[in-house]
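In what follows, chains carry the letters A, B, and so on, assigned in the order in which the sequence lines appear, proteins first and then strands, with residues in each chain numbered from 1. Quick caveat, the model's predicted, so the values are computed rather than measured.
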Amino acid sequence: MNQPLVQVEQLSIGYTTRQGAVRPVLRDVSLTLERGTTLGLVGESGCGKSTLSMSLLAHLRSGSRVFGGQVQVNGTNVFALDRTALEQLRGRQVGFVPQNASQALTPTMRIGAQATESLTLHRGLDTAAAHQRVTELFQRMRLPQPEALLQRYPHELSGGQQQRVVIAMALARQPDLLVLDEPTTGLDVTTQAHVLHLLQTITHEYGMTMLYVSHDLEVVAQVSDLVAVMYAGEVVEMAPVDRLFSQPCHPYTLGLLASLPRITQTTLPRPIPGHPPAPHEARAACAFAPRCAFATQQCQNEVPALSTVEQSPGRMHQVRCHHWQHVIQYEATIPHNGRSAPREPVDTLHDRTHALLTLQDVAVTYARPRLLDRLRQRPQPPATVERVSLAVQRGETLALVGESGSGKTTLLRAVAGLKSPSAGNITFGDLDLTIPVDRRSREIRRVIQIIFQNPDASLNPRQTVGQILQQPLRLYFDRDPAQYQEHIRLLLEQVRLAPHYERRFPSQLSGGEKQRVAIARAFAANPELVLCDEVTSALDVSVQSAVLEVLTDLQNRQGVTYLFITHNLAVVRAIADRVAVLYHGRLCEVGAVAQLAAAPWHPYTETLLGAVLAPEPGAPPRLLARDVPDPAPPARGCPFQRRCPRHLGPICNEDPPPWHTTDSGQRILCHIAPHDLEQRQTAEASLAFARD
Amino acid sequence: MAAIPTTDGHHAAPNVLVTIWQNLRCSPSGSIGLLIVAAHLILAVISPWIVPHDPTAFDSQAILQAPSATYLFGTDHLGRDVFSRTLMGGQIALMVTMISIVISVAWGGLLGILLGLMGGWLDEAIMRLVDAIRAIPEMLFLLLIAGIVGTENGILILALGFLYGVEVIRIARSATLSVVAQDFVLAARARGESRRTIVLRELLPNVFDVLLVEGALRWSYMLLVFSALSFLGFGVTPPTPDWGVMIAQNRTTFGIAPWATFFPSCD
């Protein structure tokens, strides 16, 4: 069988509008996928990645149809199959892992029942054999207690566990081809690194072929043999993974690579201006021309053909650009200075004199003690956030880092007055912030503003951009409504949006534009402290850096202070001055961002840094060998005791660790002294870190 | 980086009438429904000027006449023209129910949104009260009110408005709960907006279409209930023409003159 497993030939998919106009979503896509290889499919959202991946399962979105070309899997044209043959194809030959596992699992069925169903149905296994196969895979996927898991319902699992269950279900059938649509996008860095690693080993073992769809270049660099870059429904570049990352030939690939924040860089990455065209928009001959720095008149007039850069078998490198010879000479990772001037490091050593925001032993709990429990004097569950003491200096950016569930957002809401702390003090200058927002004065409300993670949800869909921006103006400034117009135009300009956006509804904006409106709304209040809750994690990388640029620009001009929540350490490196690491609502480490570059770290910081994926093929993350999910903080001892790679023994489980302060002002909560930590962490042979 | 150029330039605000027309063109059943409702409303308003006969005038010469060119729908046992009475018969019913539905959607909607926003024990207590009121059969409740307080239109409007408002509370509250969880409401709270502003500016526009549908559905049902009340003698007082009253009066002669019951029943 020398025939490639998948052959996509000049596939065009699209829809016809009611007026009869043709809107292509995929245009002339050709791909070949050899057995046992992994193809990574990258591009911004709306570039047709999902449409292409679903076409391998012969699935079309309702209303879409195939305009031309075909998809062959194992030599058969999948769009010509009848219902039973299609069922066979999807049941046996092609497996699919969707992005959102929580929606892919039937909520009313036990995990065991849904996982074994396809095995008994399509693979002809009896129930016992199916059970065994599934349990085995669950074990390999590092799911805790696989046997017990089979009896649980989907809602009893965490998001990461659900995702691993879905992947295991797809693997269990041992399909020839596995299509994965952003399977790790919603996961924590540590979980993501683990899942990717397992996926690689298992598919390699089974000799499976994968199509891996992701907007994340770091992820694609880790898993793929071959990468295809998609733009506006076309494959613009296709190359072996190492070639694509070292010698990109398409300006779009170059732009994507340049827009990635890297843990090794302390500056802001360079965004790609503009956004990909929607299917209905008129476009130049080369769809990327309006955003391209290399574009000439030729790009407006002539559709670029697919040129071959390298032809040796297995190393095929193709690009759809008129000017690839120029592009290839260009250095992809030229640092781009987003900050107007490097800011002076703020002295952090318990300096409360300049502190704008001070948190003293703050605890927040969601558990409400029941009357009965209180009478019986039962111990209360550990609080979500506990003993957090922090001082944020005026004008600095403090990043709050941690996995999901680490209490970052809870802490932010306590500062915003949306959730009252159960203990401790929060002060702003010398004003008390422990009171809820509705009892704060108008002035305090004005100077503290919040920007949310998901711009789709944080803007009222029934208000125009102008109306949205009016709210804070009306609320905080007793101004004549006639002056709003001018002010709103100014605000839009600050976030680099044209004045006519004022009349648009949020549904008419792209994700990055929506987030900029949310930023403009926060800055309409003329705030001093802005709380940013994962403001870029819902955005494409190409847009992410543009939003970060707007934020740093505003800081340079207005001197605001940011409390910046993120799980992305590369972003922290690019924009923050100081970083505070939270694990299960307990602070582990506080220090200047530069200190992330070298040991000592708190063992948790070390774990997080190890799991960061580098956008380079052949640079695998360092994983913690015995990394187990830790649902709740322990009642005694060090909060990180269960996952710690530097665990000392009983002392960690029994005694609360002390704070150590290094000479450079870094604070670490650990039983191991900083210089000791440094020695262990710089030592080459680290036994705790090993890839299995 | 300059502002992002947009290919479509300025977004013209779409004309509301144009949008309605386009939507109707895509939905034949919607157009038919709208046509029927519009016809009823228009006829109810203009009926006093277009009825061929006085709807309350007796004519002993023409009792229980079958439909003919003079009497399109025939006549009843007192010789009144059924066509004219049917045209006029909707006036009071439509007016009473329309006012009641506006009242019920207004107070039920606002209270429902407020409860959805506040939550807590007050929400819990009021919702249990709502459940208790809903457990009373509505006809029984209305007859009780009509029996104790009276059968004037004003009283019926208030009774219907109250009873159906209770139903609207539930709908508005559940629609609000899905909106309240979104970040833009949290953003408004973090900004320090008053509860009134959050209800009117942030929540109401997002719940409005649900309320509109609820109102339209309830209206048709309320019309039936009001006619039933009239049928039982608690709604419109004879001889004022009303569909419910007409059916009640003519059912005894159904064997001889089915038209006198049939036509008002059709509406």
Any donor and acceptor pair, going by atom type alone, linking the side chain of N460(A) with main-chain N or O of E202(B) inside 3.5 Å?
yes
Salt bridge R474(A)-E193(B), side-chain N to carboxylate O under 4.0 Å:
yes
Rounded to the nearest 0.5 angstrom, the CG-CG distance for D533(A) and D183(B) is 8.0 Å
At a 4.5 Å cut-off on heavy atoms, which part of R195(B) comes close to chain A: side chain, backbone, both, or neither?
neither
Please determine whether side-chain contact (heavy atoms from CB on, under 4.5 Å) holds for the pair Q471(A) and R191(B), giving the CA-CA distance in whole Å, both sets of side-chain angles, and the decisive distance to 0.1 Å.
CA-CA 9 Å; Q471(A) 309 297 328; R191(B) 238 179 5 244; 3.5 Å; yes
Is it true that, when you exclude R23(A) itself, more than 12 heavy atoms of the residues, nucleotides or ligands shown sit nearer than 6.0 Å to its CZ?
yes
Could you check whether atom CZ of F141(B) has more than 12 heavy atoms from other residues, nucleotides or ligands sitting under 6.0 Å from it?
yes
For R446(A), is it the side chain, the backbone, both or neither that has a heavy atom under 4.5 Å from a heavy atom of chain B?
neither
Check the surroundings of atom CZ in R439(A): do more than 12 heavy atoms from other residues, nucleotides or ligands lie under 6.0 Å from it?
no
Using a cut-off of under 4.5 Å for heavy-atom pairs, which of R291(A), Q463(A), Q467(A) has the most such pairs with chain B?
Q463(A)
Counting heavy-atom pairs under 4.5 Å with chain A, the top scorer among S194(B), A187(B), A181(B) is A187(B)
Over all heavy atoms of both residues, which pair between A190(B) and I450(A) is shortest? Give the atoms and the distance, please.
CB-CG2, 3.7 Å
Portion of R413(A) that has a non-hydrogen atom of chain B nearer than 4.5 angstrom:
side chain
Atom CZ of R201(B) and atom CD1 of I468(A): how far apart are they, to the nearest 0.5 Å?
12.5 Å
Within a reach of under 6.0 Å around CZ of R128(B), are more than 12 heavy atoms found that belong to other residues, nucleotides or ligands?
yes
Please indicate whether F208(B) has more than 12 foreign heavy atoms, meaning atoms of other residues, nucleotides or ligands, lying under 6.0 Å from its CZ.
no
Closest non-hydrogen atoms of P461(A) and N206(B), given as atom of the first, atom of the second and distance, are CG-OD1, 3.3 Å
Indicate yes or no for a side-chain donor-acceptor contact from R462(A) to the backbone of P205(B) under 3.5 Å, with no hydrogens or angles considered.
yes
